[in-house]
Amino acid sequence: MNRISLILLAAGSSTRFALPVKKQWLYQGEIPLWLHVARAFEAAGDFRDIIITGHPDELEYMRQFADYTFVPGGASRQASLLNALNQVQSEWVLVNDIARCCLDREMLRRVLSRCGEADCIVPALPAVDTVYEEGRPIDREKIRLIQTPQLSRAALLRDALSRDQEFTDESSAIHAAGGKVLLVEGSAKARKLTHPQDLKHLECLIPPAAQTFTGFGMDIHAFEPGKPMVLGGVSVDAPVGFKAHSDGDVAIHALIDALLGAAGMGDIGEHFPDTDPRWAGADSTRLLQTVLERIQGCGLTPLHADLTIIAQVPRLGPYKEPIRRKLARLLGLSPARVNVKATTAEKMGFIGREEGVAVQAVATLGIYDWSRKV
């Protein structure tokens, strides 16, 4: 199959899925769904290339998992597919949606074995229920339910998708371009994952592993006279605030780095560079919420956090509990799973000279257990 490239579409936002995790990031054992599907196809055939589309914000993270070709997805399925097709150099391309996550090898064999007999080889199922269109029954014997993977001539598909028209799959684009479409027997196993209730019908899915990941974060900020002090999302009565591009909440910044460390997603500077005007004076709770959405969207969930605030001034005894409860709410955790400690620097160093504050944080993440939703 060296003349066939494989494209897997995994850039969707999962807006209809109604869970905090995106479909492509539902963990199968110790790996996300997109990688589970990619490995299944890789084991089933010798493809020239395996190209995977992903959300632009997730591409670098995806590259940490596997050595495939990753390309940024677009605003639609069609735009994502076009981006991937620009990387294809083979005559033929096999396209599959990650949402079609249960690979039926026999169906794949039926598709690939007809290579060259048409411009697009498509698995399809007959309609078994009565079908209505605009209030009238129609002949279900003429209805076919189209599935993926679909095998297409790469050049023709690229040309068809480049036209000013939106298509929901490859076969409709090839047909509109005047190409020949050949239907082969599909598979009931190739059910599409669209809603959470679909999970119970997909027998190929594997419950997530009970793994945990730990990250460490540290941040330091100097004082800035006349600026409000915010620490752990709580306003602190002090004559100084923190010198920073954002509001300078050193506790939340350390916590963000700990969360990113546990997820393997880099550091706060990569996600919110101080050269970006969007984050000038930003509320750090918003930065934390943005990071949590990204982490949770990629299949992980916070389990625990522990922070140590090192400050000569101000005295933080009255603020530890409010900070703890604020952070617990932001993380979606019980206060029993968040700990906040405060200590001084015993008058040593820049902290002891009352020039600034440092915070150390440890955070633990677990794999989101989607199997409880089944």
If hydrophobic clusters are built by linking Ile, Leu, Val, Met, Phe, Trp and Tyr wherever their side-chain heavy atoms come under 4.5 Å apart, do [X] and [Y] end up in the same one?
X	Y	value
V362	I220	yes
L156	L183	yes
V111	L9	no

Taking atom [atom1] of [X] as the centre, report whether more than 12 heavy atoms of other residues, nucleotides or ligands fall under 6.0 Å from it.
X	atom1	answer
D237	CG	no
Q197	CD	yes
H175	NE2	no
R144	CZ	yes
R315	CZ	no
E30	CD	no

Original post:
Relative to each other, are the rings of F47 and F41 parallel, tilted or perpendicular (30° and 60° limits)?
Top reply: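 Plane angle between 30° and 60°, so tilted.
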Check whether any side-chain N or O of [X] sits under 3.5 Å from a backbone N or O of [Y] as a donor-acceptor pair, and report yes or no.
X	Y	result
N83	P72	yes
W370	Y27	yes
S187	D104	no
Q78	L161	yes
S76	A79	yes
D249	I252	yes
Q150	V95	no
E354	V313	no
Q24	G12	yes
Q312	K347	yes

First locate atom [atom1] of [X], then atom [atom2] of [Y], and finally report the distance between them rounded to the nearest 0.5 Å.
X	Y	atom1	atom2	value
I174	D159	CD1	CG	9.0 Å
K341	L307	NZ	CG	7.5 Å
E185	R110	CD	CZ	4.0 Å
L26	I367	CG	CD1	11.5 Å
M265	E60	CE	CD	12.5 Å

Answer yes or no: is there a side-chain heavy-atom contact under 4.5 Å between [X] and [Y]?
X	Y	value
L94	W92	no
P208	Q28	no
Y368	L300	no
L205	L33	yes
V21	Q296	no
V88	N86	no
I4	V93	no
L35	Y68	yes

Electrostatic pair [X]:[Y] at N-O distance under 4.0 angstrom:
X	Y	answer
K227	D247	no
R191	D198	yes
R77	E170	yes
E42	R39	no
E91	R153	yes
R63	D67	no
R286	D283	no
K180	D119	no

**OP:** Please check if any side-chain donor atom of D219 sits under 3.5 Å from a side-chain acceptor atom of H221, or the reverse.
**Re:**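 Note: D219 and H221 side chains meet the donor-acceptor criterion.
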Subject >> Distance-only donor-acceptor check, side chains S80 and T53, under 3.5 Å >> reply: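 No, because no side-chain N or O of S80 sits under 3.5 Å from a partner of the opposite role on T53.
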**OP:** Given side chain to side chain contact (heavy atoms under 4.5 Å, CB included), test L85 with L157 step by step and report yes or no.
**Re:** CA-CA 8 Å; L85 282 168; L157 179 60; 3.9 Å; yes
Original post:
Do the cysteine sulfurs of C204 and C102 sit under 2.5 angstrom from one another?
Top reply: yes
Minimal non-hydrogen separation, [X] against [Y], with atom names:
X	Y	value
R114	I121	O-CD1, 3.5 Å
L182	E117	CD2-OE1, 3.9 Å
G232	A251	N-CB, 3.6 Å

Original post:
Between L81, N96, D49, which is the residue that forms a side chain to side chain contact (heavy atoms under 4.5 Å, CB included) with I7?
Top reply: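 The passing option is L81.
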**OP:** Give every residue pair that meets the side chain to side chain donor-acceptor pair (under 3.5 Å) criterion with at least one member in residues 260-271, sequence neighbours excluded.
**Re:** H271-R294
Subject >> Trace of the side chain to side chain contact (heavy atoms under 4.5 Å, CB included) decision for L303 with L365 >> reply: CA-CA 5 Å; L303 298 178; L365 299 176; 5.8 Å; no
**OP:** Show the numbers, then the answer: is there a side chain to side chain contact (heavy atoms under 4.5 Å, CB included) between T194 and F17?
**Re:** CA-CA 6 Å; T194 304; F17 196 50; over 6 Å; no
Subject >> Derivation and outcome, side chain to side chain contact (heavy atoms under 4.5 Å, CB included), residues M107 and K189 >> reply: CA-CA 9 Å; M107 183 184 74; K189 296 179 182 178; over 6 Å; no
Original post:
Is the centre of the W34 ring less than 6.0 Å from the centre of the F70 ring?
Top reply: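 Aromatic pair counts; centres sit under 6.0 Å.
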Subject >> Ring-ring centroid check W25 Y61, cutoff 6.0 Å >> reply: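 So the answer is yes for these two rings.
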**OP:** List, by chain and number, the other hydrophobic cluster members for I143, where Ile, Leu, Val, Met, Phe, Trp and Tyr join if side-chain heavy atoms come within less than 4.5 Å, directly or indirectly.
**Re:** L125, V131, I138, L145
